[in-house]
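This structure is a prediction, so every number in the text was calculated from the model and none was measured. Side chains included, hydrogens not; waters and symmetry mates left out as well; all remaining heavy atoms used.
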Amino acid sequence: MAEKFNAVKGTKDILPDDSSRWQTLEQTTHEFMNRWGYGEIRTPAFERTELFTRSVGEESDIVSKQMYTFLDQSETSITLKPELTAPVMRAYLEHNLDRGGALTKLYYIDALFRQERPQKGRLRQFHQFGAEAVGSPYPEQDVEIIALAFSLMEAMGVANPLLQLNSIGSRECRQRFRNALVEFLAPHSGDLSETSRQRLETNPLRILDTKDEGERAILKDAPRILDFLDDTDREHYEAVKVGLDTLGISYEQNDLLVRGLDYYSQTTFEITSDALGAQNALCGGGRYDDLLEELGGKPTPAVGFAAGMERILLAIPEESAADSVETLKVFVITAGEKAGTAVMKTTMNLRANGIPADFDTLNRSVKAQMREANRQDATHIVVIGEEELASGTCQVKDLATGKQQSVPFKELFKHLTSV
Ligand code: HAM
(Lines give C-alpha, C1' and ligand atoms only; values in the text may rest on other atoms or scores of the structure.)
Protein backbone atom coordinates (compact mmCIF):
# COMPACT_ATOMS: atom_id res chain seq x y z
CA MET A 1 0.00 0.00 0.00
CA ALA A 2 1.15 3.52 -0.72
CA GLU A 3 2.42 5.66 2.16
CA LYS A 4 -0.28 7.73 3.87
CA PHE A 5 0.13 11.37 4.71
CA ASN A 6 -0.34 13.18 7.99
CA ALA A 7 -1.00 16.88 8.52
CA VAL A 8 2.24 18.87 8.80
CA LYS A 9 3.54 19.42 12.36
CA GLY A 10 1.78 22.32 14.05
CA THR A 11 -1.28 22.19 11.77
CA LYS A 12 -4.64 20.63 12.56
CA ASP A 13 -7.69 19.34 10.76
CA ILE A 14 -11.01 20.57 12.09
CA LEU A 15 -13.32 17.57 11.84
CA PRO A 16 -17.14 17.57 11.58
CA ASP A 17 -17.53 16.81 15.30
CA ASP A 18 -15.54 19.97 16.18
CA SER A 19 -16.74 22.27 13.48
CA SER A 20 -20.00 23.24 15.18
CA ARG A 21 -17.96 24.93 17.93
CA TRP A 22 -16.05 26.85 15.25
CA GLN A 23 -19.26 27.83 13.52
CA THR A 24 -20.65 29.17 16.80
CA LEU A 25 -17.55 31.35 17.33
CA GLU A 26 -17.75 32.57 13.73
CA GLN A 27 -21.47 33.36 13.96
CA THR A 28 -21.03 35.25 17.24
CA THR A 29 -18.19 37.24 15.62
CA HIS A 30 -20.26 38.13 12.53
CA GLU A 31 -23.26 39.12 14.67
CA PHE A 32 -21.25 41.29 17.05
CA MET A 33 -19.22 42.99 14.34
CA ASN A 34 -22.32 43.84 12.32
CA ARG A 35 -24.07 45.20 15.41
CA TRP A 36 -21.01 47.30 16.30
CA GLY A 37 -20.72 48.72 12.78
CA TYR A 38 -17.64 46.85 11.51
CA GLY A 39 -17.53 45.64 7.89
CA GLU A 40 -15.87 42.38 6.91
CA ILE A 41 -12.62 42.39 4.93
CA ARG A 42 -10.90 39.34 3.42
CA THR A 43 -7.33 39.60 2.19
CA PRO A 44 -5.15 37.10 0.27
CA ALA A 45 -3.31 34.30 2.10
CA PHE A 46 0.09 35.75 1.12
CA GLU A 47 1.66 39.16 0.70
CA ARG A 48 5.01 40.60 -0.33
CA THR A 49 7.44 39.87 2.49
CA GLU A 50 8.43 43.51 2.83
CA LEU A 51 4.93 44.41 4.06
CA PHE A 52 5.64 42.48 7.26
CA THR A 53 9.31 43.41 7.68
CA ARG A 54 8.36 47.08 7.48
CA SER A 55 5.33 46.93 9.79
CA VAL A 56 5.84 44.13 12.31
CA GLY A 57 9.56 44.96 12.48
CA GLU A 58 12.83 43.25 11.45
CA GLU A 59 13.76 42.50 15.05
CA SER A 60 10.40 41.07 16.11
CA ASP A 61 10.19 37.31 16.74
CA ILE A 62 7.61 37.01 13.97
CA VAL A 63 9.80 38.52 11.26
CA SER A 64 13.18 37.30 12.49
CA LYS A 65 12.26 33.64 12.92
CA GLN A 66 8.61 32.68 12.36
CA MET A 67 7.61 33.61 8.83
CA TYR A 68 6.92 31.14 6.01
CA THR A 69 8.77 32.96 3.26
CA PHE A 70 9.63 31.81 -0.26
CA LEU A 71 10.57 33.18 -3.67
CA ASP A 72 7.87 32.79 -6.31
CA GLN A 73 8.55 32.15 -10.00
CA SER A 74 9.32 35.82 -10.64
CA GLU A 75 11.79 35.84 -7.73
CA THR A 76 9.48 38.00 -5.60
CA SER A 77 9.77 37.29 -1.89
CA ILE A 78 6.38 36.14 -0.66
CA THR A 79 5.22 35.45 2.91
CA LEU A 80 2.18 33.55 4.16
CA LYS A 81 0.52 36.10 6.40
CA PRO A 82 1.60 35.79 10.03
CA GLU A 83 -0.85 38.51 11.19
CA LEU A 84 -3.60 40.64 9.72
CA THR A 85 -3.14 44.26 10.76
CA ALA A 86 -0.52 44.90 8.07
CA PRO A 87 -2.47 43.23 5.20
CA VAL A 88 -5.67 45.00 6.24
CA MET A 89 -3.88 48.38 6.30
CA ARG A 90 -2.30 47.58 2.93
CA ALA A 91 -5.81 46.97 1.55
CA TYR A 92 -7.15 50.10 3.29
CA LEU A 93 -4.56 52.24 1.50
CA GLU A 94 -4.80 50.39 -1.81
CA HIS A 95 -8.59 50.80 -2.04
CA ASN A 96 -8.82 54.26 -0.44
CA LEU A 97 -11.11 52.99 2.28
CA ASP A 98 -10.68 56.23 4.23
CA ARG A 99 -13.90 57.54 2.64
CA GLY A 100 -12.70 61.14 2.75
CA GLY A 101 -11.36 61.10 6.27
CA ALA A 102 -14.29 59.38 7.98
CA LEU A 103 -13.81 56.55 10.42
CA THR A 104 -13.43 53.11 8.82
CA LYS A 105 -14.22 50.04 10.90
CA LEU A 106 -13.10 46.65 9.56
CA TYR A 107 -13.16 43.09 10.87
CA TYR A 108 -11.87 39.71 9.79
CA ILE A 109 -11.83 35.99 10.51
CA ASP A 110 -8.84 34.24 8.96
CA ALA A 111 -6.03 31.67 9.09
CA LEU A 112 -2.47 32.80 9.90
CA PHE A 113 0.92 31.12 9.67
CA ARG A 114 3.81 31.33 12.11
CA GLN A 115 6.68 28.85 12.34
CA GLU A 116 6.65 28.60 16.13
CA ARG A 117 7.45 25.60 18.32
CA PRO A 118 4.07 23.85 18.50
CA GLN A 119 2.53 23.33 21.93
CA LYS A 120 -0.92 23.54 23.52
CA GLY A 121 -2.53 26.72 22.21
CA ARG A 122 0.36 27.39 19.82
CA LEU A 123 0.11 26.22 16.22
CA ARG A 124 1.84 26.91 12.94
CA GLN A 125 -1.47 27.50 11.20
CA PHE A 126 -3.95 29.13 13.57
CA HIS A 127 -7.03 31.32 13.31
CA GLN A 128 -7.91 34.79 14.49
CA PHE A 129 -10.87 37.09 14.44
CA GLY A 130 -10.16 40.74 14.92
CA ALA A 131 -11.15 44.32 14.27
CA GLU A 132 -9.40 47.52 13.22
CA ALA A 133 -10.83 51.03 13.64
CA VAL A 134 -8.99 53.48 11.40
CA GLY A 135 -9.23 57.27 11.59
CA SER A 136 -9.79 58.26 15.21
CA PRO A 137 -6.97 59.44 17.49
CA TYR A 138 -9.32 59.71 20.47
CA PRO A 139 -9.41 57.50 23.57
CA GLU A 140 -13.10 56.73 22.98
CA GLN A 141 -12.00 54.60 20.04
CA ASP A 142 -9.49 52.64 22.16
CA VAL A 143 -12.30 52.07 24.66
CA GLU A 144 -14.70 50.87 21.96
CA ILE A 145 -12.16 48.38 20.59
CA ILE A 146 -11.31 47.03 24.05
CA ALA A 147 -15.03 46.81 24.94
CA LEU A 148 -15.68 44.94 21.69
CA ALA A 149 -12.91 42.42 22.39
CA PHE A 150 -14.03 42.01 25.99
CA SER A 151 -17.73 41.61 25.14
CA LEU A 152 -16.87 38.98 22.53
CA MET A 153 -14.84 36.97 25.05
CA GLU A 154 -17.77 37.12 27.48
CA ALA A 155 -20.37 36.23 24.83
CA MET A 156 -18.26 33.26 23.73
CA GLY A 157 -18.25 31.93 27.29
CA VAL A 158 -14.67 32.64 28.42
CA ALA A 159 -14.75 32.39 32.22
CA ASN A 160 -13.09 35.30 34.06
CA PRO A 161 -11.39 37.05 31.17
CA LEU A 162 -8.67 39.33 32.56
CA LEU A 163 -7.91 42.57 30.75
CA GLN A 164 -4.32 43.78 31.04
CA LEU A 165 -3.64 47.33 30.02
CA ASN A 166 -0.62 49.50 29.39
CA SER A 167 0.55 52.55 27.47
CA ILE A 168 3.89 52.51 25.64
CA GLY A 169 3.62 56.15 24.58
CA SER A 170 4.95 57.78 21.47
CA ARG A 171 8.02 56.70 19.50
CA GLU A 172 10.16 59.40 21.18
CA CYS A 173 9.15 58.35 24.65
CA ARG A 174 9.85 54.73 23.80
CA GLN A 175 13.32 55.66 22.58
CA ARG A 176 14.07 57.42 25.90
CA PHE A 177 12.73 54.43 27.81
CA ARG A 178 14.75 52.03 25.68
CA ASN A 179 17.97 53.89 26.49
CA ALA A 180 17.17 53.89 30.20
CA LEU A 181 16.31 50.18 30.15
CA VAL A 182 19.54 49.24 28.36
CA GLU A 183 21.51 51.33 30.83
CA PHE A 184 19.79 49.57 33.73
CA LEU A 185 20.16 46.04 32.30
CA ALA A 186 23.73 46.28 30.98
CA PRO A 187 25.37 45.63 34.37
CA HIS A 188 23.07 42.58 34.82
CA SER A 189 23.80 41.14 31.39
CA GLY A 190 25.79 38.23 32.90
CA ASP A 191 22.61 37.09 34.69
CA LEU A 192 20.41 37.27 31.59
CA SER A 193 19.53 34.35 29.35
CA GLU A 194 21.14 34.02 25.93
CA THR A 195 17.90 35.26 24.27
CA SER A 196 17.63 38.29 26.53
CA ARG A 197 21.31 39.16 26.05
CA GLN A 198 20.67 39.20 22.32
CA ARG A 199 17.52 41.27 22.79
CA LEU A 200 19.50 43.78 24.80
CA GLU A 201 21.21 44.61 21.50
CA THR A 202 18.28 44.25 19.11
CA ASN A 203 14.95 44.75 20.88
CA PRO A 204 15.44 45.44 24.61
CA LEU A 205 11.75 46.15 25.32
CA ARG A 206 10.96 42.50 24.56
CA ILE A 207 12.99 41.48 27.64
CA LEU A 208 10.07 42.82 29.69
CA ASP A 209 8.01 39.86 28.40
CA THR A 210 10.32 37.28 29.96
CA LYS A 211 8.84 34.35 31.86
CA ASP A 212 12.20 33.58 33.54
CA GLU A 213 11.86 34.06 37.32
CA GLY A 214 15.46 35.30 37.75
CA GLU A 215 15.01 37.91 35.03
CA ARG A 216 11.66 38.97 36.46
CA ALA A 217 13.36 39.60 39.79
CA ILE A 218 15.96 41.82 38.09
CA LEU A 219 13.21 43.68 36.25
CA LYS A 220 11.46 44.57 39.52
CA ASP A 221 13.78 47.57 39.91
CA ALA A 222 13.94 48.43 36.19
CA PRO A 223 12.72 51.81 34.93
CA ARG A 224 8.96 51.93 34.24
CA ILE A 225 7.62 52.94 30.86
CA LEU A 226 4.79 54.92 32.46
CA ASP A 227 7.38 57.30 33.94
CA PHE A 228 8.52 58.13 30.40
CA LEU A 229 5.14 59.08 28.94
CA ASP A 230 4.67 62.70 27.93
CA ASP A 231 1.59 64.71 28.94
CA THR A 232 -0.39 63.87 25.80
CA ASP A 233 0.22 60.13 26.23
CA ARG A 234 -0.61 60.29 29.91
CA GLU A 235 -3.89 62.15 29.31
CA HIS A 236 -4.84 59.68 26.60
CA TYR A 237 -4.13 56.74 28.87
CA GLU A 238 -6.11 58.24 31.77
CA ALA A 239 -9.08 58.86 29.45
CA VAL A 240 -8.99 55.22 28.26
CA LYS A 241 -9.09 54.06 31.88
CA VAL A 242 -11.98 56.41 32.72
CA GLY A 243 -13.89 55.09 29.68
CA LEU A 244 -13.39 51.48 30.77
CA ASP A 245 -14.51 52.37 34.31
CA THR A 246 -17.65 53.96 32.88
CA LEU A 247 -18.47 50.75 31.03
CA GLY A 248 -17.74 48.66 34.11
CA ILE A 249 -14.86 46.79 32.46
CA SER A 250 -12.18 46.07 35.04
CA TYR A 251 -8.51 45.87 34.10
CA GLU A 252 -5.11 45.28 35.54
CA GLN A 253 -2.38 47.79 34.83
CA ASN A 254 0.61 45.80 33.51
CA ASP A 255 3.53 48.06 32.64
CA LEU A 256 5.54 45.11 31.32
CA LEU A 257 3.02 44.67 28.49
CA VAL A 258 4.92 45.98 25.44
CA ARG A 259 3.64 43.39 22.87
CA GLY A 260 5.80 41.70 20.30
CA LEU A 261 4.97 43.70 17.18
CA ASP A 262 6.76 46.97 16.45
CA TYR A 263 3.85 49.05 15.19
CA TYR A 264 2.22 49.89 18.51
CA SER A 265 2.09 53.30 20.17
CA GLN A 266 0.24 54.47 23.30
CA THR A 267 -2.43 51.92 24.36
CA THR A 268 -1.56 48.22 24.40
CA PHE A 269 -3.73 45.47 25.88
CA GLU A 270 -4.20 41.75 26.19
CA ILE A 271 -7.01 39.59 27.50
CA THR A 272 -5.80 36.48 29.28
CA SER A 273 -7.46 33.51 30.91
CA ASP A 274 -6.21 31.30 33.71
CA ALA A 275 -8.02 28.43 31.96
CA LEU A 276 -4.99 28.29 29.64
CA GLY A 277 -1.42 27.21 30.37
CA ALA A 278 1.70 29.08 29.31
CA GLN A 279 0.09 30.47 26.16
CA ASN A 280 -2.49 32.39 28.15
CA ALA A 281 -3.15 35.36 25.84
CA LEU A 282 -6.52 34.99 24.17
CA CYS A 283 -6.42 38.31 22.50
CA GLY A 284 -4.02 41.22 21.97
CA GLY A 285 -4.13 44.63 20.46
CA GLY A 286 -3.50 48.31 20.76
CA ARG A 287 -3.09 51.61 19.00
CA TYR A 288 -0.79 51.92 15.98
CA ASP A 289 -0.81 55.58 14.93
CA ASP A 290 2.45 55.45 12.92
CA LEU A 291 1.77 52.35 10.81
CA LEU A 292 -0.25 53.81 7.93
CA GLU A 293 2.39 56.44 7.29
CA GLU A 294 5.11 53.76 7.34
CA LEU A 295 3.14 51.87 4.71
CA GLY A 296 3.06 54.90 2.40
CA GLY A 297 -0.23 56.50 3.47
CA LYS A 298 -0.78 59.84 5.13
CA PRO A 299 -0.55 59.91 8.93
CA THR A 300 -3.71 58.14 10.13
CA PRO A 301 -4.45 57.01 13.69
CA ALA A 302 -5.76 53.48 14.20
CA VAL A 303 -6.44 50.93 16.91
CA GLY A 304 -7.40 47.25 16.81
CA PHE A 305 -7.21 43.77 18.30
CA ALA A 306 -7.05 40.14 17.25
CA ALA A 307 -8.07 37.02 19.19
CA GLY A 308 -6.76 33.47 18.78
CA MET A 309 -9.68 31.15 18.07
CA GLU A 310 -7.94 27.88 19.03
CA ARG A 311 -7.10 29.41 22.40
CA ILE A 312 -10.68 30.62 22.94
CA LEU A 313 -11.94 27.10 22.25
CA LEU A 314 -9.49 25.81 24.87
CA ALA A 315 -10.71 28.42 27.37
CA ILE A 316 -14.42 27.69 27.15
CA PRO A 317 -16.29 24.64 28.32
CA GLU A 318 -17.22 22.18 25.54
CA GLU A 319 -20.96 22.84 25.79
CA SER A 320 -20.85 26.61 25.73
CA ALA A 321 -19.59 26.79 22.17
CA ALA A 322 -21.81 23.99 20.94
CA ASP A 323 -25.30 24.71 19.80
CA SER A 324 -27.34 23.69 22.81
CA VAL A 325 -30.73 24.42 21.23
CA GLU A 326 -32.69 21.20 20.54
CA THR A 327 -33.17 21.29 16.80
CA LEU A 328 -35.32 19.23 14.56
CA LYS A 329 -33.47 16.50 12.68
CA VAL A 330 -35.31 14.00 10.51
CA PHE A 331 -34.11 10.69 9.09
CA VAL A 332 -36.28 9.31 6.29
CA ILE A 333 -36.28 5.52 6.17
CA THR A 334 -36.78 3.43 3.03
CA ALA A 335 -38.91 0.35 3.79
CA GLY A 336 -39.04 -1.57 0.52
CA GLU A 337 -37.37 -1.04 -2.86
CA LYS A 338 -40.17 0.93 -4.49
CA ALA A 339 -40.10 3.63 -1.83
CA GLY A 340 -36.58 4.82 -2.80
CA THR A 341 -37.62 7.72 -5.02
CA ALA A 342 -40.32 8.91 -2.62
CA VAL A 343 -37.79 8.85 0.25
CA MET A 344 -35.33 10.93 -1.73
CA LYS A 345 -38.01 13.43 -2.78
CA THR A 346 -39.37 13.73 0.75
CA THR A 347 -35.87 14.32 2.14
CA MET A 348 -35.16 17.02 -0.45
CA ASN A 349 -38.52 18.70 0.27
CA LEU A 350 -37.81 18.81 3.99
CA ARG A 351 -34.35 20.27 3.34
CA ALA A 352 -35.82 22.84 0.92
CA ASN A 353 -38.17 23.87 3.73
CA GLY A 354 -35.28 24.41 6.12
CA ILE A 355 -35.49 21.14 8.08
CA PRO A 356 -32.23 19.17 8.50
CA ALA A 357 -33.01 15.78 6.95
CA ASP A 358 -31.11 12.76 5.72
CA PHE A 359 -31.74 9.40 4.04
CA ASP A 360 -29.85 6.20 3.31
CA THR A 361 -27.75 5.84 0.17
CA LEU A 362 -26.11 2.57 1.21
CA ASN A 363 -29.10 0.31 0.53
CA ARG A 364 -29.21 -0.75 4.18
CA SER A 365 -31.87 -2.73 6.04
CA VAL A 366 -34.60 -0.89 7.94
CA LYS A 367 -32.90 -1.88 11.19
CA ALA A 368 -29.53 -0.50 10.03
CA GLN A 369 -31.25 2.70 8.91
CA MET A 370 -32.76 3.02 12.41
CA ARG A 371 -29.28 2.70 13.89
CA GLU A 372 -28.04 5.39 11.52
CA ALA A 373 -30.90 7.69 12.59
CA ASN A 374 -29.80 7.24 16.21
CA ARG A 375 -26.16 7.83 15.34
CA GLN A 376 -27.15 11.11 13.74
CA ASP A 377 -29.16 12.12 16.83
CA ALA A 378 -32.33 12.37 14.76
CA THR A 379 -35.34 13.77 16.60
CA HIS A 380 -37.81 12.09 14.23
CA ILE A 381 -37.89 9.23 11.78
CA VAL A 382 -40.21 9.13 8.81
CA VAL A 383 -40.84 5.66 7.37
CA ILE A 384 -41.97 5.22 3.77
CA GLY A 385 -42.80 1.76 2.42
CA GLU A 386 -45.05 0.34 -0.27
CA GLU A 387 -48.12 0.56 1.98
CA GLU A 388 -47.46 4.22 2.67
CA LEU A 389 -46.99 4.91 -1.03
CA ALA A 390 -50.33 3.36 -1.78
CA SER A 391 -52.14 5.34 0.91
CA GLY A 392 -50.28 8.66 0.31
CA THR A 393 -49.12 8.75 3.92
CA CYS A 394 -45.96 8.10 5.91
CA GLN A 395 -45.24 6.92 9.44
CA VAL A 396 -43.70 9.60 11.64
CA LYS A 397 -42.07 8.67 14.93
CA ASP A 398 -40.99 11.22 17.52
CA LEU A 399 -37.88 9.59 18.98
CA ALA A 400 -38.04 11.59 22.20
CA THR A 401 -41.59 10.55 23.14
CA GLY A 402 -41.80 7.31 21.15
CA LYS A 403 -45.14 8.49 19.74
CA GLN A 404 -45.82 7.23 16.23
CA GLN A 405 -48.54 8.30 13.82
CA SER A 406 -49.60 8.12 10.22
CA VAL A 407 -49.35 11.50 8.44
CA PRO A 408 -50.41 12.35 4.85
CA PHE A 409 -47.37 13.42 2.76
CA LYS A 410 -48.94 16.84 2.19
CA GLU A 411 -49.09 17.49 5.91
CA LEU A 412 -45.61 16.24 6.83
CA PHE A 413 -43.97 19.66 7.06
CA LYS A 414 -46.85 21.08 9.14
CA HIS A 415 -46.83 18.05 11.40
CA LEU A 416 -43.07 18.19 12.05
CA THR A 417 -42.98 21.92 12.74
CA SER A 418 -46.03 21.92 15.00
CA VAL A 419 -44.67 19.32 17.39
P1 HAM B 1 -0.77 38.81 18.38
O2 HAM B 1 -0.65 39.09 19.86
O3 HAM B 1 0.46 38.40 17.68
O4 HAM B 1 -1.37 40.13 17.74
O5 HAM B 1 -1.88 37.70 18.14
C6 HAM B 1 -3.18 37.83 18.68
C7 HAM B 1 -3.66 36.50 19.25
O8 HAM B 1 -3.51 35.46 18.28
C9 HAM B 1 -2.86 36.01 20.45
O10 HAM B 1 -3.31 36.62 21.64
C11 HAM B 1 -3.17 34.52 20.42
O12 HAM B 1 -4.42 34.26 21.04
C13 HAM B 1 -3.28 34.22 18.95
N14 HAM B 1 -2.03 33.59 18.45
C15 HAM B 1 -0.88 34.20 18.11
N16 HAM B 1 0.04 33.29 17.69
C17 HAM B 1 -0.56 32.08 17.78
C18 HAM B 1 -0.14 30.73 17.50
N19 HAM B 1 1.06 30.46 17.01
N20 HAM B 1 -1.03 29.73 17.71
C21 HAM B 1 -2.28 30.00 18.19
N22 HAM B 1 -2.72 31.23 18.47
C23 HAM B 1 -1.88 32.26 18.27
C24 HAM B 1 -1.61 40.31 16.42
O25 HAM B 1 -1.62 39.41 15.60
C26 HAM B 1 -2.01 41.72 16.07
N27 HAM B 1 -2.20 41.82 14.61
C28 HAM B 1 -3.27 42.13 16.81
C29 HAM B 1 -3.74 43.51 16.48
C30 HAM B 1 -4.76 43.83 15.66
N31 HAM B 1 -3.22 44.63 16.92
C32 HAM B 1 -3.90 45.67 16.39
N33 HAM B 1 -4.82 45.19 15.62
Side-chain angles (χ1 to χ4, degrees), residues 6-34 36 38-47 51-52 56 61-62 66-68 79-91 106-132 145 148-158 161 259-261 269-273 275-286 304-318 320-323:
N6 288 336
V8 172
K9 188 174 164 198
T11 69
K12 264 196 180 148
D13 300 307
I14 297 167
L15 303 176
D17 276 352
D18 290 333
S19 57
S20 72
R21 302 183 83 217
W22 282 86
Q23 287 175 8
T24 307
L25 288 196
E26 287 158 10
Q27 272 156 16
T28 309
T29 305
H30 289 303
E31 272 165 32
F32 261 73
M33 296 296 185
N34 287 327
W36 289 56
Y38 287 73
E40 190 186 7
I41 181 160
R42 302 185 191 201
T43 62
F46 51 83
E47 299 274 351
L51 174 66
F52 301 111
V56 179
D61 284 353
I62 295 180
Q66 296 171 354
M67 297 203 302
Y68 282 96
T79 292
L80 298 186
K81 57 188 172 187
E83 68 98 51
L84 277 154
T85 308
V88 168
M89 291 311 115
R90 192 263 312 135
L106 302 165
Y107 83 95
Y108 44 79
I109 303 178
D110 213 338
L112 289 316
F113 308 88
R114 293 184 193 174
Q115 215 160 153
E116 297 195 72
R117 199 163 42 77
Q119 64 180 79
K120 190 173 171 210
R122 193 161 74 188
L123 289 128
R124 291 183 167 178
Q125 174 175 337
F126 62 98
H127 299 79
Q128 286 183 346
F129 61 79
E132 314 289 349
I145 277 285
L148 173 58
F150 200 80
S151 312
L152 272 160
M153 298 299 119
E154 284 187 323
M156 288 172 176
V158 172
R259 311 253 315 121
L261 304 93
F269 68 96
E270 278 185 4
I271 298 174
T272 56
S273 163
L276 293 174
Q279 304 306 318
N280 67 352
L282 293 170
C283 156
F305 80 92
M309 297 174 76
E310 282 82 0
R311 292 194 193 169
I312 291 177
L313 287 173
L314 287 172
I316 56 183
E318 291 270 322
S320 78
D323 194 355

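Of all the heavy atoms in Leu112 and Asp110, the pair that sits closest is CD2-O, 3.7 Å. Taking both residues in full, the closest heavy atoms of Ala45 and Phe113 are given as O-CE1, 4.5 Å, listed atom of the first, atom of the second, then distance. For the residue pair Phe32 and Ser151, the shortest heavy atom distance occurs at CE2-CB, 3.7 Å. The heavy-atom pair separating Glu154 from Pro161 by the smallest distance is CG-CG, 4.2 Å. Heavy-atom minimum distance, Pro16 versus Ser19: O-OG, 3.0 Å.
Met89 has its side chain out of reach of Leu51: every pair of non-hydrogen atoms, C-beta onward, lies at least 4.5 Å apart. Between Glu26 and Phe129, the closest side-chain pair of non-hydrogen atoms is not below 4.5 Å. Side chains of Ile145 and Phe269 form a contact here, defined as non-hydrogen atoms less than 4.5 Å apart. In this structure, Tyr68 and Pro82 have side chains that are not in contact, with every pair of non-hydrogen atoms separated by 4.5 Å or more. At least one side-chain heavy atom of Leu152 sits less than 4.5 Å from a side-chain heavy atom of Met33. Counting heavy atoms from C-beta outward, Trp22 and Ile109 have side chains that stay 4.5 Å or more apart.
Atom CG of Asp61 sits about 9.5 Å away from atom CG of Leu261, to the nearest 0.5 Å. Interatomic distance, Leu84 CG to Ile41 CD1, rounded to the nearest 0.5 Å: 9.5 Å. Remark: Leu106 CG to Thr85 OG1 distance equals 11.0 Å, nearest 0.5 Å. One distance of note links CD of Gln115 with CD1 of Ile62; it measures 13.0 Å at 0.5 Å rounding. To the nearest 0.5 Å, the span separating OG1 on Thr79 from NZ on Lys81 amounts to 12.5 Å.
Residues meeting the side-chain contact (heavy atoms from CB on, under 4.5 Å) test with Thr11, sequence neighbours left out: Ala7, Val8, Gln125. Every residue meeting the ring pair (Phe, Tyr, Trp, His ring centres under 6.0 Å) condition with Tyr107, not counting sequence neighbours, appears here in chain and number order: His30. Every residue two or more places apart in sequence or in another chain was checked for a salt bridge (Lys or Arg N to Asp or Glu O under 4.0 Å) with Arg124, and none qualifies. Evaluation of the side-chain contact (heavy atoms from CB on, under 4.5 Å) rule for Glu116 yields Gln66, Arg114, Arg122 as partners, not counting sequence neighbours. Partners of Glu47 under the salt bridge (Lys or Arg N to Asp or Glu O under 4.0 Å) rule, at least two apart in sequence or in another chain, are Arg90.
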message: Walk me through whether Met156 and Leu25 qualify under side-chain contact (heavy atoms from CB on, under 4.5 Å).
response: CA-CA 7 Å; Met156 288 172 176; Leu25 288 196; 3.6 Å; yes

- prompt: Step by step, would you call Tyr108 with Gln128 a side-chain hydrogen bond (donor to acceptor under 3.5 Å, both in side chains)?
  reply: CA-CA 8 Å; Tyr108 44 79; Gln128 286 183 346; 4.8 Å; no

message: Would Val56 and Met67 count as a side-chain contact (heavy atoms from CB on, under 4.5 Å) here? Give the steps.
response: CA-CA 11 Å; Val56 179; Met67 297 203 302; over 6 Å; no

Which atom pairs, donor and acceptor, lie under 3.5 Å between side-chain atoms of residues 309-317 and protein residues at least two apart or in another chain?
residue: Glu310; atom: OE1; partner: His127; partner atom: N; Å: 3.0
residue: Glu310; atom: OE2; partner: His127; partner atom: N; Å: 3.4
residue: Glu310; atom: OE2; partner: His127; partner atom: ND1; Å: 2.8
residue: Arg311; atom: NE; partner: Gly121; partner atom: O; Å: 2.6
residue: Arg311; atom: NH1; partner: Ala281; partner atom: O; Å: 2.9
residue: Arg311; atom: NH2; partner: Gly121; partner atom: O; Å: 3.1

